[in-house]
Amino acid sequence: MSTRNFVIIVGGLVGIVGGVAAVSLKSAVHFIQELIKHTNIDYSYLFFPVLGIVITALLAKYLLKEQLGHGITTILFYISKKSSIIHRNKMFSRMITSGITVGCGGSVGLEAPIVVTGSAIGSNIARLMHLNYKQRTLMIGCGAAAAISGIFNSPVAGVIFSIEVILTDITIGTFIPLLIASVLGSMVSMLLLGDDVLFSFELTDPFLASDFVFFLLLGAICGLVSVYFTRTTLWTEKAISRVKQVFPRALLGGLALTVIIFVLAPLYGEGYDSIKLILQGRAQEIVASSALFSQFSDPWFIVIFGLAILLLKPVATGLTIGAGGNGGIFAPSLFIGGITGFIFSQVNNLLNTGHSISISNFTLVGMCGVMSGVLHAPLTAIFLIAEITSGYTLFLPLMLVSAVAYSTNSYFEKYSFYTSKLVKSGDFIPYDKDKQVLSLISIEKMIEKDLLTIHPEQTLEELVGLIKKSRRNIFPVVNEKSELKGIITLDDVREIMFDPQSQKSVIAQSLMHRPPETVQSDEKMEEVMAKFEKTGAWNLPVIDHGQYVGIVSKSRIFNAYRTKLRRQHKE
């Protein structure tokens with residue numbers, strides 16, 4: 001069998017297993033939710049989110065022994081820095097922890113955890129089949145495609161998601177396994193769940209070309225909302241993470257989430273039920289679900305209530321994840337997008353602008369817009385909404401709003417929610433093969449510590465003695481405190497090294513010169529190479545906490561680069 005056909009078959013296997021994982025997670029969450037409904041505990045929606053976050057945080061810390069965070073960010077890190085080798089426990093750990101968190105009402109989604117699960121399945125099946133780095137990465141993409149396809153029954157969106165978010169290099173040869181995996185993931189979901197997918201809706205209103213200007217304006221608003229969502233969620237996570245102890249952090253974050261849910265009950269769970277109510281023209285029932293405001297039914301109050309949800313959903317999501325719960329921002333971005341579209345259309349209709357617009361259509365297109373901005377995945381957003389509405393009636397407005405929202409978000413946020421942290425830390429280099437290879441090289445392993453050093457007060461005669469022993473032409477000048485004072489090269493002493501008088505009278509301190517730049521052993525390789533390029537030097541000293549450690553040479557880095565490059569082609 002040819003390698004190409006073998007990879008296609010493995011991709012199909014990954015698709016089937018990924019589809020089963022998606023169905024299993026969704027079924028487990030529904031099972032937990034049904035158990036909670038039958039507990040007959042008043043205000044159970046306030047108690048269980050705290051319990052879910054605490055259990056998840058303790059489980060991750062003491063039993064699974066892993067740090068949760070944002071799953072898709074983790075996958076991108078493994079692709080960029082770990083040769084696409086994902087630890088085996090991620091094939092089940094994210095399913096368990098996200099099932100508990102979301103099942104108990106955490107304000108996050110299931111999509112990112114199931115993508116991590118599918119990706120881990122792809123990586124480990126690829127390792128089992130002895131596939132190389134490129135093929136392992138492709139299987140990660142196949143697992144992600146199968147997961148999205150299985151959970152939404154949207155095979156096209158699954159493929160597009162893998163291409164836009166997970167994979168950075170795609171060809172026709174790699175496209176076929178993605179298609180097979182995504183189709184099989186969707187078929188497994190259909191066979192086991194039928195029409196019971198995570199979210200679906202049948203369109204009731206037609207698309208009107210006269211709504212063009214309104215969709216254009218909605219796109220810009222969705223872009224701004226996506227910026228607010230990204231920044232607020234990350235800020236909230238960072239704020240709660242300042243509590244270092246696991247249990248106090250989980251308890252504090254869970255209690256804060258409970259207060260928010262008590263005021264705004266629709267923030268309980270993923271939020272798809274609230275979006276379905278809006279699409280069915282029953283928006284007043286969202287307000288009725290909150291005990292504090294159940295008596296209000298005024299249309300303008302519903303708008304204000306929706307605006308409060310829009311403002312606090314990112315806080316609720318950030319608290320859930322930052323406190324120790326597990327889930328993704330996929331569903332929250334869709335939820336907040338739906339709320340944005342609803343508010344926009346409802347306000348327009350209440351103001352009697354002379355042009356009434358469809359609330360359901362603008363709600364759906366708003367979901368597409370915010371998701372496009374947050375994930376920087378406009379095509380995924382377009383095809384996902386098109387597929388879950390079972391048609392392409394809204395294809396034109398989806399394209400318009402997705403493009404405008406993405407462009408608006410990109411003006412403020414250069415990178416997506418998933419990649420921004422990795423890019424800032426130097427752990428993810430998009431679309432740059434040279435930088436990706438360099439990022440795999442550790443400075444610590446490049447440091448040469450065998451160079452002979454000389455004290456500043458030692459004579460040229462003693463230096464000549466070192467030159468006779470050494471095979472190198474560079475000699476660091478280091479004092480008794482291991483501090484680097486300067487550098488002496490063979491060129492610096494070539495003209496006087498054999499002069500007897502100079503050997504007695506000249507000391508190292510008078511011969512040395514300052515290095516053009518220094519590096520630290522924990523610096524990113526990209527920064528080190530920038531210093532080499534700026535100074536034109538071939539050797540730079542390594543200084544940690546003021547202490548001389550060794551020398552790093554450009555030639556050794558180039559050799560390591562070539563070795564890594566050859567290894568990637570062979571693996």
Side-chain angles (χ1 to χ4, degrees), residues 199 201 203-232 271 274-281 283 286 299-300 302-311 313-314 330-386 388-389 391-413 417:
F199 181 82
F201 178 74
L203 289 175
T204 56
D205 299 330
F207 162 63
L208 302 175
S210 55
D211 292 341
F212 175 84
V213 175
F214 293 92
F215 282 120
L216 189 66
L217 182 57
L218 176 63
I221 293 172
C222 285
L224 295 174
V225 169
S226 67
V227 173
Y228 170 77
F229 176 85
T230 298
R231 295 183 178 181
T232 305
S274 297
I275 297 299
K276 288 178 181 177
L277 289 174
I278 291 174
L279 294 174
Q280 294 165 6
I286 298 177
W300 279 108
I302 296 174
V303 169
I304 295 171
F305 190 81
L307 186 60
I309 291 174
L310 188 153
L311 293 174
K313 177 64 175 181
F330 205 105
S333 69
L334 288 172
F335 174 75
I336 200 173
I339 297 296
T340 302
F342 164 70
I343 293 172
F344 179 86
S345 53
Q346 180 81 329
V347 168
N348 174 78
N349 294 344
L350 289 174
L351 288 175
N352 294 317
T353 59
H355 184 90
S356 180
I357 57 180
S358 167
I359 288 179
S360 62
N361 285 359
F362 275 76
T363 299
L364 289 165
V365 174
M367 294 171 72
C368 169
V370 174
M371 178 184 170
S372 172
V374 172
L375 272 62
H376 279 204
L379 291 176
T380 301
I382 292 168
F383 282 99
L384 179 64
I385 301 302
I388 64 179
T389 56
Y392 291 89
T393 303
L394 295 178
F395 207 67
L396 288 178
L398 287 172
M399 292 172 65
L400 176 65
V401 170
S402 180
V404 174
Y406 171 75
S407 300
T408 303
N409 181 280
S410 297
Y411 180 81
F412 298 97
E413 299 285 340
F417 187 99

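Taking each heavy atom of L311 and Y228 in turn, the nearest pair found is O-OH, 2.6 Å. A386 approaches L398 most closely through the heavy-atom pair N-CD1, 3.9 Å. Taking both residues in full, the closest heavy atoms of A405 and G369 are given as CB-O, 3.2 Å, listed atom of the first, atom of the second, then distance. Annotation for R231 and F412: closest pair NH2-O, 3.3 Å, computed over non-hydrogen atoms. In plain terms, the two heavy atoms of H376 and E413 that are nearest each other are CE1-O, 3.2 Å. The minimum heavy-atom distance linking S226 with N409 is given by the pair OG-ND2, 2.8 Å.
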Check the pair I302 / I286 against side chain to side chain contact (heavy atoms under 4.5 Å, CB included), numbers first and verdict last. CA-CA 8 Å; I302 296 174; I286 298 177; over 6 Å; no
Could you go step by step and tell me if L400 and F212 meet the side chain to side chain contact (heavy atoms under 4.5 Å, CB included) rule? CA-CA 9 Å; L400 176 65; F212 175 84; 3.6 Å; yes
For F335 and V370, run side chain to side chain contact (heavy atoms under 4.5 Å, CB included): C-alpha distance rounded to whole Å, both residues' side-chain angles, the deciding distance at 0.1 Å, then the answer. CA-CA 9 Å; F335 174 75; V370 174; over 6 Å; no
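The CG atom of L216 sits 12.5 Å away from the CG atom of D211 when rounded to the nearest 0.5 Å. To the nearest 0.5 angstrom, F362 atom CZ is 14.5 Å from I278 atom CD1. Taken to the nearest 0.5 Å, the CD atom of Q280 stands 13.5 Å off from the CD1 atom of I359. The distance from atom OG of S356 to atom CG of N349, rounded to the nearest 0.5 Å, is 4.0 Å. Here the CG-CD1 distance, from L334 to I339, works out to 12.0 Å after rounding to the nearest 0.5 Å. Within the model, atoms CD1 of I336 and CD1 of I343 stand 9.0 Å from one another, a figure rounded to the nearest 0.5 Å.
In this structure, S372 contributes its side chain and C368 its backbone to no donor-acceptor pair below 3.5 Å. Panel note: side chain T232, backbone F229; no donor-acceptor pair is recorded below 3.5 Å. When atom types are taken as modelled, the side chain of T408 and the backbone of L224 share no donor-acceptor pair closer than 3.5 angstrom.
Residues F383 and F395 place their aromatic rings such that the two centres sit under 6.0 Å apart.
Residues T389 and L364 form a side-chain contact, since some pair of their non-hydrogen atoms from C-beta on lies under 4.5 Å apart. With a 4.5 Å cut-off on side-chain heavy atoms, T380 and L375 do not count as touching. Within the 4.5 Å cutoff, the side chain of W300 has no heavy atoms near those of the Q346 side chain.
Relative ring orientation between F214 and F344 is described as perpendicular, the plane-to-plane angle rising above 60° on a 0-90° scale split at 30° and 60°.
A donor-acceptor contact closer than 3.5 angstrom is absent between the side chains of N348 and H355.
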